[in-house]
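Worksheet for the structure shown next.
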Amino acid sequence: MLDIKLIRSNPDAVKAGMKKRNKNMDALVDEILEIDAKRREISSKSDTMKAEQNAASKQIPQMKKEGKSTDELMARMKELSDEVKECAAQLTDLEARQQEIIYSIPNVPHESVPAGADDSQNQEMRHFGDATKFEFEPQAHWDIGAKLGLFDPETAGKVTGARFHFYKGLGARLERSVINYFLNTHTSRGYTEILPPFLANTASMTGTGQLPKFAEDMYKVEGEDLYLIPTAEVPVTNMHRDEILTGADLPRKYCAYSACFRGEAGSAGRDTRGLIRQHQFNKVELVKFADPETSYQELEALTRDAEFVLQGLGLPYRVVTLCAGDLGFSSAKTYDIEVWMPSYGRYVEISSCSNFEDFQARRGAIRYKNDVKDKARLVHTLNGSGVAVGRTVAAILENYQNADGSVTIPEALRPYMGVDVIK
RNA sequence: GGAGAGAUGUCCGAGCGGUUUAAGGAGCUGGUCUUGAAAACCAGUGACUCGCAAGAGCCGUGGGUUCGAAUCCCACUCUCUCCGCCA
């Protein structure tokens with residue numbers, strides 16, 4: 001969420017930021033300003049009355065001790081008490097409305113984010129390798145997988161439903177190898193490995209911005225305050241919720257494998273075949289808690305760290321800067337890494353690396369101080385896929401397929417796979 | 001799942017509905033003493049939120065009773081012990 005003080009002191013910048021996102025939120029911003037002014041007025045009035053109550057509360061026992069009558073004062077106190085309660089009720093309403101609005105306002109895009117309405121206006125920053133060329137007619141990964149017996153969506157349809165997969169044999173092993181390769185690579189480069197719970201509560205979902213706006217996208221456990229996580233970002237970022245970190249420890253760098261669960265995945269009717277769009281998929285996530293001064297350097301480094309594992313696999317990819325209109329709700333700036341997918345004839349998102357600045361940290365009260373005497377400041381949170389596992393497996397199958405239908409295993413994965421070729 | 005106990009500041013820990021603006025200790029900071037340190041002694045010391053400020057709020061969380069709640073009532077969460085079940 002945005003800082004109410006920022007909205008108060010510079011509403012035009014917030015409005016402009018929303019317009020850059022292709023959203024006009026002028027009316028909401030104006031409403032929140034109005035509510036905020038009213039809230040502060042009532043709060044101030046209430047505090048003055050409470051001060052009088054506090055003073056009287058000290059007098060009463062004194063007067064009783066001296067045998068004086070407190071009836072008159074009591075009557076006045078009763079009056080005050082009622083007024084304070086009235087103010088409290090009004091404040092509750094105003095705060096609820098203010099919170100509702102502020103939770104619905106997305107982050108202000110960083111100045112370096114290009115303007116643009118949708119993904120067609122994202123800007124390519126760089127690329128690695130080139131679109132894979134074949135001497136034969138390449139197959140889609142779902143056909144390769146079916147022929148080699150690597151996974152089995154039909155059985156998943158029976159057991160669970162559409163958009164789930166059973167991985168089998170070397171298919172399962174390939175998925176697991178990719179996870180291990182990612183984790184080993186990141187941990188050897190300074191990230192601390194986390195294996196988080198795959199469910200999180202309302203407070204955590206709110207902390208990272210999934211709630212309250214995107215409740216319908218998630219799987220909720222019936223009768224419990226628990227949701228299946230859509231990404232490891234949720235549990236890992238919330239590890240430090242309501243904490244004050246030591247400045248010298250920043251940046252804190254974590255990598256985490258988790259299964260990810262997304263209810264929205266099937267809604268569009270897109271990518272119905274294969275591993276690209278599933279209700280459950282595997283992902284290794286990178287999460288950083290950074291000093292605000294250096295968070296954009298950390299974003300560059302995090303993106304490079306995600307790219308590093310794709311380079312290690314020899315998969316062609318490109319990096320794009322999302323334009324403001326394509327930016328996620330909580331993000332101030334995002335780089336997408338897109339891997340070359342022959343069956344699509346285009347690049348497909350495999351990682352999304354974002355700096356949320358203090359947007360999540362404010363919601364979750366994640367702060368730091370360099371010295372005990374300092375005032376606690378909000379950290380900047382960042383995360384990025386490092387990277388999506390299912391899509392990586394799909395990209396490997398497609399980019400490394402051979403004319404005879406076999407698939408060569410990238411060098412880096414062979415120690416994990418124990419075979420050089422799947423045939 | 002059942003039974004019991006508990007949750008207070010950085011930590012331990014006291015707290016009868018009203019000078020609690022949370023006792024006392026530890027720790028931390030400064031000082032005295034000392035060649036230096038330890039010990040002893042003296043002094044100081046929560047963090048956070050809102051507010052321009054005065055001030056208000058904060059004793060697990062959320063409600064309630066009351067002129068007044070850390071203290072009483074209700075609900076919830078979490079922790080510990082024991083029992084049951086269990087990978």
Side-chain angles (χ1 to χ4, degrees), chain A residues 1-11 32-103 195 197-207 211-212 220-227 235 238-249 259 358 360-379:
Chain A
M1 72 185 184
L2 294 178
D3 188 355
I4 183 65
K5 286 173 187 159
L6 170 71
I7 301 175
R8 196 187 294 154
S9 64
N10 203 347
I32 208 167
L33 287 174
E34 209 173 295
I35 290 172
D36 180 55
K38 190 97 191 276
R39 183 186 60 79
R40 280 185 295 152
E41 183 197 321
I42 294 175
S43 171
S44 169
K45 190 173 132 198
S46 169
D47 282 356
T48 307
M49 290 191 291
K50 281 180 180 171
E52 188 182 339
Q53 280 186 319
N54 288 343
S57 287
K58 279 177 200 158
Q59 279 181 19
I60 288 173
Q62 187 68 31
M63 288 167 75
K64 283 186 171 167
K65 210 178 284 177
E66 294 168 7
K68 291 180 186 162
S69 163
T70 57
D71 293 355
E72 200 178 319
L73 190 52
M74 285 294 204
R76 168 67 186 146
M77 286 300 98
K78 177 68 183 159
E79 236 172 78
L80 259 187
S81 177
D82 290 343
E83 282 181 61
V84 167
K85 272 177 190 149
E86 173 57 28
C87 283
Q90 288 179 28
L91 280 177
T92 302
D93 288 348
L94 288 170
E95 278 161 9
R97 178 59 186 151
Q98 177 167 322
Q99 179 163 301
E100 188 187 329
I101 295 175
I102 213 161
Y103 274 172
L195 183 58
F198 293 178
L199 295 93
N201 58 26
T202 299
S204 296
M205 289 294 181
T206 306
L211 290 177
K220 170 96 169 68
V221 178
E222 199 176 334
E224 307 257 2
D225 179 31
L226 289 174
Y227 297 81
N238 278 285
M239 284 198 305
H240 295 305
R241 179 154 50 80
D242 296 319
E243 286 185 8
I244 297 174
L245 304 171
T246 306
D249 292 347
D358 60 16
Q360 292 181 326
R362 182 171 297 105
R363 285 188 174 205
I366 308 170
R367 291 166 292 181
Y368 78 101
K369 52 171 74 175
N370 290 316
D371 188 275
V372 270
K373 293 185 197 72
D374 290 351
K375 191 169 160 50
R377 296 175 64 200
L378 295 168
V379 301

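Per chain, numbering begins at 1; letters A, B, ... match sequence-line order. Small disclaimer: the values here were computed from a predicted structure and weren't measured.
- Each of A/Lys78 and A/Lys369 lies near RNA chain B, and the nucleotide nearest A/Lys369 is the one positioned closer to the 5' end.
- Rounded to whole Å, the distance from CD on A/Gln99 to P on B/U49 is 17 Å.
- Across B/C52 and B/G13, the matching P atoms stand 40 Å from one another, rounded to whole Å.
- For A/Lys369, the NZ atom is densely surrounded, since the number of other residues' heavy atoms within 6.0 Å is greater than 12.
- The nearest whole Å value for the distance from the CD1 atom in A/Ile244 to the P atom in B/A47 is 10 Å.
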Protein-nucleotides 53-60 of chain B N/O pairs under 3.5 Å:
from  : atom 1 : to      : atom 2 : distance (Å)
B/A53 : N6     : A/Ser44 : OG     : 3.4
B/G55 : N2     : A/Asp47 : OD2    : 3.1
B/A56 : OP1    : A/Asn54 : ND2    : 2.9
B/A56 : O2'    : A/Asp47 : OD1    : 2.9
B/G57 : OP2    : A/Asn54 : ND2    : 3.3

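- Counting heavy atoms of neighbouring residues, nucleotides and ligands inside a 6.0 Å radius, atom NZ of A/Lys38 does not exceed 12 of them.
- Taking atom P on both nucleotides, B/G60 is separated from B/A69 by 16 Å, rounded to a whole Å.
- Counting non-hydrogen atoms of other residues, nucleotides and ligands closer than 6.0 Å to CD of A/Glu83 gives a total above 12.
- Put simply, the side chain of A/Ser81 never gets that close to the backbone of A/Met77: no donor and acceptor are under 3.5 Å apart.
- Taking atom P on both nucleotides, B/G9 is separated from B/G4 by 27 Å, rounded to a whole Å.
- Spacing between B/U66 and B/A7 at atom C1', rounded to whole Å, works out to 25 Å.
- Salt bridge annotation for A/Asp36-A/Arg40: present, with a cationic side-chain nitrogen under 4.0 angstrom from a carboxylate oxygen.
- Side-chain contact check for A/Gln90 and A/Glu86: at least one donor-acceptor pair (N or O, by modelled atom type) lies under 3.5 Å.
- In terms of heavy atoms, A/Asn370 sits closest to A/Gly247 at OD1-CA, 3.2 Å.
- Atom pair A/Lys85:NZ and B/C67:C1' shows a separation of 9 Å (rounding to whole Å applied).
- Separating the CZ atom of A/Arg362 from the C1' atom of B/C50 is a distance of 15 Å, rounded to the nearest angstrom.
- Between A/Arg40 and B/C52, a side-chain N or O to OP1/OP2 separation shorter than 4.0 Å is present.
- In RNA chain B, the stems built from three or more successive Watson-Crick or G-U pairs (distances below 3.5 Å) are B:1-7 with B:77-83, B:10-12 with B:24-26, B:27-32 with B:40-45, B:48-50 with B:55-57, B:60-64 with B:72-76.
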N/O to N/O distances under 3.5 Å, protein versus nucleotides 78-80 of chain B:
none

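- Nucleic acid contact class of A/Ala376 (heavy atoms, under 4.0 Å, all strands): sugar-phosphate only.
- Taking atom C1' in both B/G15 and B/G24, one finds a spacing of 11 Å when rounded to whole Å.
- Taking the C1' atom of each, B/C12 and B/G62 are spaced 28 Å apart, rounded to whole Å.
- Residues A/Ser81 and A/Ser43 each lie close to RNA chain B; by heavy-atom proximity, the contact nearer the 5' end of the strand is made by A/Ser43.
- When the C1' atom of B/G18 is taken as reference, atom CE of A/Met74 falls 9 Å away, rounded to whole Å.
- Nucleotides B/G25 and B/U79 are separated by 33 Å at their P atoms, to the nearest Å.
- Regarding contacts with the backbone of B/C52, every side-chain N or O of A/Lys5 stays at 4.0 angstrom or more from both OP1 and OP2.
- The NZ atom of A/Lys375 sits 16 Å away from the P atom of B/G46 (whole-angstrom rounding).
- As rounded to whole Å, 11 Å separates atom P of B/U77 from atom CG of A/Leu226.
- Comparing B/C48, B/G51, B/G68 by their nearest atom to the side chain of A/Ser57 picks out B/G68.
- Judged purely by distance below 3.5 Å, without hydrogens or angles, the side chains of A/Ser44 and A/Asp47 never pair a donor atom with an acceptor atom.
- Spacing of P atoms, B/A23 relative to B/A47, comes out at 15 Å, to the nearest Å.
- A/Lys220 contributes atom NZ, which lies 5.0 Å from atom OH of A/Tyr227 (distance to the nearest 0.5 angstrom).
- Distance, A/Lys58 NZ to B/U19 P: 9 Å, rounded to whole Å.
- Annotation for A/Leu2 and A/Arg362: closest pair C-NH1, 3.5 Å, computed over non-hydrogen atoms.
- Looking at every heavy atom in both residues, A/Gly207 comes nearest to A/Arg363 through O-CB, 3.6 Å.
- The two atoms that bring A/Ala376 and A/Ile244 nearest to each other are CB-CD1, 4.0 Å, heavy atoms only.
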- Output, in order, the C-alpha distance, side-chain angles, deciding distance and verdict of side-chain hydrogen bond (donor to acceptor under 3.5 Å, both in side chains) for A/Ser204 and A/Arg241. CA-CA 8 Å; A/Ser204 296; A/Arg241 179 154 50 80; 2.9 Å; yes
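- OP1 or OP2 of B/U49 has at least one side-chain nitrogen or oxygen of A/Arg367 nearer than 4.0 Å.
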